[in-house]
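Only this structure's heavy atoms are used, side chains among them; waters, hydrogens and symmetry mates stay out. Numbered from 1 within each chain, the chains take letters A, B, ... in sequence-line order.
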Amino acid sequence: MDLCGLRLRNPTMLASGVLDETAATMVEVARAGAGAVVTKSVGRSPREGHANPCVVELDVGLLNAMGLPNPGIEYFSEEVKAVKREGVTVIGSVIGGSEDELAEVAALMADAGADAVELNLSCPHAKGLGTEIGSTPENVERVCRASKERIKVPLFAKLTPNTSSISNLAKAAEMGGADAVVAINTLKGMAISPEARMPILANRFGGLSGPAIRPIGVRCVYEIHDAVEIPVIGVGGISTGRDALEYIMAGATAVQVGTAVWTRGPGVFKSICDDISRFMDEYGYSKVDDMVGAAHDTKP
Amino acid sequence: MDLCGLRLRNPTMLASGVLDETAATMVEVARAGAGAVVTKSVGRSPREGHANPCVVELDVGLLNAMGLPNPGIEYFSEEVKAVKREGVTVIGSVIGGSEDELAEVAALMADAGADAVELNLSCPHAKGLGTEIGSTPENVERVCRASKERIKVPLFAKLTPNTSSISNLAKAAEMGGADAVVAINTLKGMAISPEARMPILANRFGGLSGPAIRPIGVRCVYEIHDAVEIPVIGVGGISTGRDALEYIMAGATAVQVGTAVWTRGPGVFKSICDDISRFMDEYGYSKVDDMVGAAHDTKP
Amino acid sequence: MTPSLRMLRVAEHRNETPWTKTIRFKDTVDARPGQFVMVWVPGVDEFPMSISYMGDRFGITYQIVGDGTKALSKAAEGDIVGIRGPFGRGFSITGKRILVVAGGAGIAPTAPLVEAATKKGVAVRLVLGAKSSAELVFENRCAAAGAEIHVSTDDGSKGQKGFATGLASSLIEKERYDSVYACGPERMIVAMTDICRKKGLPMQASVERIMKCGIGVCDSCALDGKHVCTDGPVFDLEELEKFSELGKTRLDRTGRKTGI
Amino acid sequence: MTPSLRMLRVAEHRNETPWTKTIRFKDTVDARPGQFVMVWVPGVDEFPMSISYMGDRFGITYQIVGDGTKALSKAAEGDIVGIRGPFGRGFSITGKRILVVAGGAGIAPTAPLVEAATKKGVAVRLVLGAKSSAELVFENRCAAAGAEIHVSTDDGSKGQKGFATGLASSLIEKERYDSVYACGPERMIVAMTDICRKKGLPMQASVERIMKCGIGVCDSCALDGKHVCTDGPVFDLEELEKFSELGKTRLDRTGRKTGI
Ligand SMILES: Cc1cc2nc3c(=O)[nH]c(=O)nc-3n(C[C@H](O)[C@H](O)[C@H](O)COP(=O)(O)OP(=O)(O)OC[C@H]3O[C@@H](n4cnc5c(N)ncnc54)[C@H](O)[C@@H]3O)c2cc1C
Ligand SMILES: Cc1cc2nc3c(=O)[nH]c(=O)nc-3n(C[C@H](O)[C@H](O)[C@H](O)COP(=O)(O)OP(=O)(O)OC[C@H]3O[C@@H](n4cnc5c(N)ncnc54)[C@H](O)[C@@H]3O)c2cc1C
Ligand SMILES: Cc1cc2nc3c(=O)[nH]c(=O)nc-3n(C[C@H](O)[C@H](O)[C@H](O)COP(=O)(O)O)c2cc1C
Ligand SMILES: Cc1cc2nc3c(=O)[nH]c(=O)nc-3n(C[C@H](O)[C@H](O)[C@H](O)COP(=O)(O)O)c2cc1C
Ligand code: FES
Ligand code: FES
C-alpha cells in the first residue's frame, strides 16, 4: 500500500519509542511483520532520559517516562543507514527544543536515508520538548513549515491528545506543510504508590499508552479526518486487527503499534494483519483503502 | 470528616450521573456506604438525553453518552428534598447553557436543600453544555462567580481533563469563588463497530470513564493541588481503596466513584472505606487528612 | 469489565403472528429464562428484549411497536445486529407444580421458562392470553415441551373468552401450585400479585421499564430504588409488593415519573 | 496486562561479605533460577537484580556499587521496597551432570540454580570464584545443597589461585559434563563460551545490560537485536556465539554502544 508515496508491505508500523533505539532491533521487528518502523525520537545531542523507574505496568496499559533517551542524530544516522541496508521502510522520529533545532535534526534524519520524518510534537513528559512545543496550533504550523523546507521526504506531525482540540493542531500541521498527521501520542498521567507515598515514576509524570487510550485515539482520528485532507496515521492502544479497524474506519490510512509489543510481542504485527485480512474477506472489502474513514459515511 | 463545612461520614461520594436520577436510588446508594451523593446533572428544563446506544462496555472502562437526561430542576427539587428527608448529604450537580442559566439552576438546587452545588463544566458529549462552557479559564471563572453570588452553600466546579492545562481551569474556578474543584470528568472518546462501520454510540462521541482514566485523573489532581488552595475532590477510575489512596495522596480531600458501581455494585463504597482503614492501620495514619497531598512531600 | 457487545448475524427471521417475529442468531448465549439482551439495530436504536431461545442459535421474539422494532423486522438472514448481555436476573424455578401466566408482549421469556421447568420434571400449567387466536404465540412450542395449555382470548376466538388473569384465577382455585410466574402487561402482573398475595402463593414476574444502559449505572429503569436491569427484570412477590410505583408510574426518558 | 509492582516489606537483611548483602522479603515469588526482578528503592532508583532465593521469603543478593545499591543497603527490617517481576527467561536444567561456573557479582542466581539442579537429582560441580576468601558467597549454601565445590581466588587466599575459568577448564578436561552454566563477569562468560564451543559442550550464561523497562519495550538492554530482559538474561551457547557485541560493547543510557 501507499502512504504519501511510501511503499508499505502492510498498514502496520512500529510506533516511535518502542524497540527502536538500535538498528538490529528495528530489523527484527520488521522481520516479525511490521510494514515500517518509526525510530525512537532522536535529537541533536545525546540524552540519557529520565532516571528509573521509568515505566509502570497497569492493568489498562502502560505509563512511561523514558524521557526521550537517544544517542543524538549524528550517531543515530548510522543506525538508520543500517536499517535501510536491510530494505526496511524507516520513518525517522525527531525532537528538538526549537523550530530550528527540529528542522536541523529532521534534515539530518532525511540525509541519513529515512523514508519519512516524523516530528514528535507530543511527548508529555520531557521538559522543553514534545508537547511543550506542540501544544498550540501556531507552534505546530511554524515548526512544520520550518522542517518541511529542509527535507524532500514526506513529513509527518505527531500530535498530542492533551489538548482541547486536536483537530486545530491537525489543521495547523496541514497548513505548515505536513504530509500526514500521526495521532495520538500518550496522555499525560501519573501513578502513585500509597505505600511509598510518592509518584512511582522518577519523573513523577509519564505518558499513558495501551488499551486505556484507544477510545481517545479513535475519537481523535475521527475528528482529524473531518478536519484535514492529508492522511492520518492512527496510534494508541492497538493490539488486535479489530482495534486497527476502529482506527481505519475512523479515518486512519495506516496504524502504529507500541505498547502491544509488550503484551503480545513483535508477532503482534502479523497477527493484526491476519485479523484485518480475515475481516475483509468476511465483510467483502478488497482493499484497506475502501475502509479508510468508512465510519463517517453511515451516521448512526 | 469535613469538606468545605460539609459533614461526611467518610471520604467517598457517588459521582454525578451514576444511579442518581431518583431519590430512592440515591438513598439506597447512601445506605450502601457512600458518604455523600452527587445528583445527576440537572438543568432548567427536562432533557431526554441522547438516543440509545448510550453506553459501550470496554475492557478498560465505560464509554457513555447519556446526554445529560434529567427531569429539569423544578421537578428534581422534590427528589432532592426526598433525599434530604432521609438524612443523606447531597450535592446537587447542575448544568446550563449560559452563565445565567447555570446560576439560576444552582440557586434553585440550593433552595431545594442541596448541601452543596457542583457545576458540571465538563460533560464532553452534550451540545452547548458541559465542556462547551467549561473549556477556557475565562469562562470557568465567570460562570463560577455568577453562581457563587446566588448561593450560600459551598460551590464545587467540576472540571474537564480534555484540555492542555487543567490547573489553569482550577485556578480560574478558585478566582471565581469556587469552594472546591472536582476532577475529573470523562475523557472524550469513541468506539467504532467495524462490522456496522459506524460509531457505536448514537451520539458518536462519548465520555470515557473507569480504570482507563485513573492515571489521568491522579495526574490532574496532583497538578491542581499544586495550583490552588481550595480542596480538590478526586474522581476517575476509583474502584478500590488503593485507587482512592492514589487520589488522596495526589491531593484529594475526598473522592467520587462512578463506573465502579457498574463493576462492583453499590457495595463498592464500603469496600473502599474498609481498604482505606486497613491501609491507615498498617501504615500508621490516624486520619485521612494526614494523607491528603502526601505524595507531594517526598519527591522521588 | 468485559465488553459484552457482539455483532451477530441473523440465522433465521420468521413471523409468529402478523405483529410478532422471532429472530434466531448465529451464536450462542449462556443465559437463564427471564434474562434479556440489549439489541442494537445499527443506525436506528438499541432496546431491551427478553431471550426467547436459549443456548445455540439463541433468539428473541418481539412485537413491532415503533421505529426500532420496525427496522429490526427488516433484518434479513445474514444481516448484522448488535447484542449486549445477557443482563439481569432470570426466573428461579422452584417447586413441583407451577402456573405460568403469559399474555401479549410479555410472552417472549415464557417459552424458555416452560422448557426449563418441564426439563427439570416440574409440572407446568400455562395460561396463554392474547387478543385473538391470530395473536397467540408459542402455543405449540410450550405444548411440545409438555406444559398443559389453557388459552384465553379477549374476543373468544380461541379458548376461554376474557383475560388471562381470570383464567389463571380459576385454575388457582381448582389446583394447588408451588409457584406462579407472570410475564405480560403490568396490569396483569399487578392483578396476579393481588391473587397470589391473597392465596399466599410464591410468585415471580418480569417487569419492563425504559432501559438505557442495561448495566445498572443510569438509573433510567429505576423502580423504587431497585433497578430492572440488574435487580430484575424478574422480581418476586415480596419485592413486587413493596414497589409503590408498580402499575402506577414509570420514569420517562427524562427521569420524570409518568402514569402507566 | 497485569501490574507487577508490589511494595514488599524487608523480612531480613544480612551481610554475605563486606560488599555483598542479601535481602529476604515478606512475600513469595514464583520464578525460575536465572529470572530477575526490578528493585525500586523509593526516591532513589530502580535496578535489576537476580533472584537468589526462590519461593517463600524470596530474596536478592547484591553488591554495593553505586547510589542505588548503597541506599538499598540501608533498608531495615520492615522497610518497604518495590519489586516488579519476575522477568526474563531463566536457566533450563538439562542433563545428569553439570558444571556451574560462578564469579563475582554474577553469583546471585547460582545458588538457586544449584539447589534446583541437585533437587532434580543432577550431579553438580560448582566452581566458585572470588577475589579473596572474604568475598566468597554461598559456598556453604551450595555445599549443603549437595554440590561439589571447587574454589578459586585471585589472591590464592582460598582454593586454587587464579581465575574461575582456569579451574573450570581443568575440570572440563578431567570429567564429562552434560551442560555448563556460567554466571559472572562478561569476560568470564566469553572465556567459557570459547571453552565450551571447542569441547562441543552445551552451555547457558546469564548476561547483564542496562535495564530501564524490564519488559521488552525500551530497547535499552538490546544485544544484537535480542533483549536481555525478555529473551534473556539467560542465553544458550548458540545465541551467545551469534552475539557480535558480547564481551565487546554495551549500550549506555543514551543508546550508544560503548566498550565494555
Ligand atoms: C427487560 C425488558 C424485556 C423486554 N422484552 C421484550 C420482548 O421480549 N419482546 C418485545 O416485543 N418487547 C420486549 N420489551 C419491550 C421492548 O423493549 C420495546 O417494545 C421496544 O423497545 C420498542 O422499541 P421501538 O423502537 O420499536 O419503539 P419506540 O417507538 O421507541 O417505543 C415504543 C414503546 O416501547 C417502550 N420502549 C422503547 N424504548 C425502550 C427502551 N429502551 N427500554 C424499554 N422500553 C422501551 C416504551 O414503552 C415505548 O413507549 C422488553 C422490555 C424490557 C424492559
Ligand atoms: C539481569 C540482571 C541481573 C542482575 N543481578 C544482579 C545481582 O543479582 N546482584 C548484583 O549485585 N547485581 C546484579 N545486577 C547488576 C545491578 O543491576 C547493578 O549493580 C545495579 O544496577 C547498580 O545500581 P547502583 O545504583 O548501585 O549503581 P550505579 O552507580 O547506578 O551503577 C553502577 C553500575 O551498575 C550497572 N547498572 C546501573 N544501573 C543499571 C540498570 N538499570 N540496569 C543494569 N545495570 C545497571 C552499570 O554497569 C553501572 O555502571 C544485575 C543486572 C542485570 C541486568
Ligand atoms: C516506552 C514508550 C516510549 C515511547 N517513546 C516515544 C518517543 O520517543 N517518541 C514518540 O513520538 N512517541 C513515543 N511513545 C509513544 C508511542 O509512540 C505511541 O504514540 C503511544 O504509546 C500510543 O500507542 P500504543 O498505545 O500503541 O503504545 C512511547 C511510548 C512508549 C510506551
Ligand atoms: C453513565 C455516566 C453518566 C455520567 N453523567 C454525568 C453527569 O450527568 N454529570 C457529571 O458531572 N458527570 C457525569 N459522569 C461522569 C462521572 O461523574 C465521573 O466524573 C466519571 O465517570 C469518572 O469517574 P468514574 O471513572 O468513577 O466513573 C457520568 C459518568 C457515567 C459513567
Ligand atoms: S437501564 Fe441503566 S440502570 Fe437500568
Ligand atoms: S530493559 Fe527495556 S527492552 Fe529490555
Checking heavy atoms, do the side chain of L251(D), its backbone, both or neither come under 4.5 Å from chain A? side chain
So, are R250(D) and E186(D) salt-bridged, with charged N and O less than 4.0 Å apart? no
Which atoms of L19(A) approach chain D - backbone, side chain, both or neither, heavy atom under 4.5 Å: both
Interchain contact, T22(A) with chain D, by part (heavy-atom threshold 4.5 Å): both
Assess whether atom CD of E74(A) is packed by more than 12 heavy atoms of other residues, nucleotides or ligands within 6.0 Å. no
Please classify the contact of D20(A) with chain D as side chain, backbone, both or neither, using a heavy-atom distance under 4.5 Å. backbone
Side chain, backbone, both or neither: which part of D45(D) has a non-hydrogen atom closer than 4.5 Å to chain A? both
Part of S4(D) lying under 4.5 Å from any heavy atom of chain A: both
Taking every heavy-atom pair that is under 4.5 Å apart, which of G49(A), G265(A), G61(A) has the most such pairs with chain D? G61(A)
Check whether any side-chain heavy atom of K257(D) lies under 4.5 Å from a side-chain heavy atom of Y75(A), and answer yes or no. yes
Charged N to carboxylate O below 4.0 Å: is that the case for K81(A) and E78(A)? yes
Between N162(A) (side chain only) and T160(A) (backbone N and O only), is there a donor and an acceptor less than 3.5 Å apart? no
Top residue by heavy-atom pair count (under 4.5 Å) with chain D, among L58(A), T263(A), T259(A)? L58(A)
Contacting moiety of V29(A), where chain D heavy atoms sit under 4.5 Å: neither
Segment of M211(D) engaging chain A (4.5 angstrom heavy-atom cut-off): backbone
With sequence neighbours excluded, tell me which residues meet side chain to side chain donor-acceptor pair (under 3.5 Å) with S52(D). T61(D)
Would you call D219(D) and K40(A) a salt bridge, taking side-chain N to carboxylate O under 4.0 Å as the test? no
Out of P46(A), P71(A), A24(A), which one racks up the most heavy-atom pairs below 4.5 Å with chain D? P71(A)
Below 4.5 Å from any heavy atom of chain A, which atoms of I80(D) appear? Answer side chain, backbone, both or neither. side chain
Relative to chain D, which segment of E48(A) carries a heavy atom at a distance below 4.5 Å: side chain, backbone, both, or neither? both
Evaluate the side-chain proximity of M109(A) to T39(A): yes if any heavy-atom separation is below 4.5 Å, no if none is. yes
For residues F47(D) and Y62(D), establish whether the separation of their ring centroids is below 6.0 Å. no
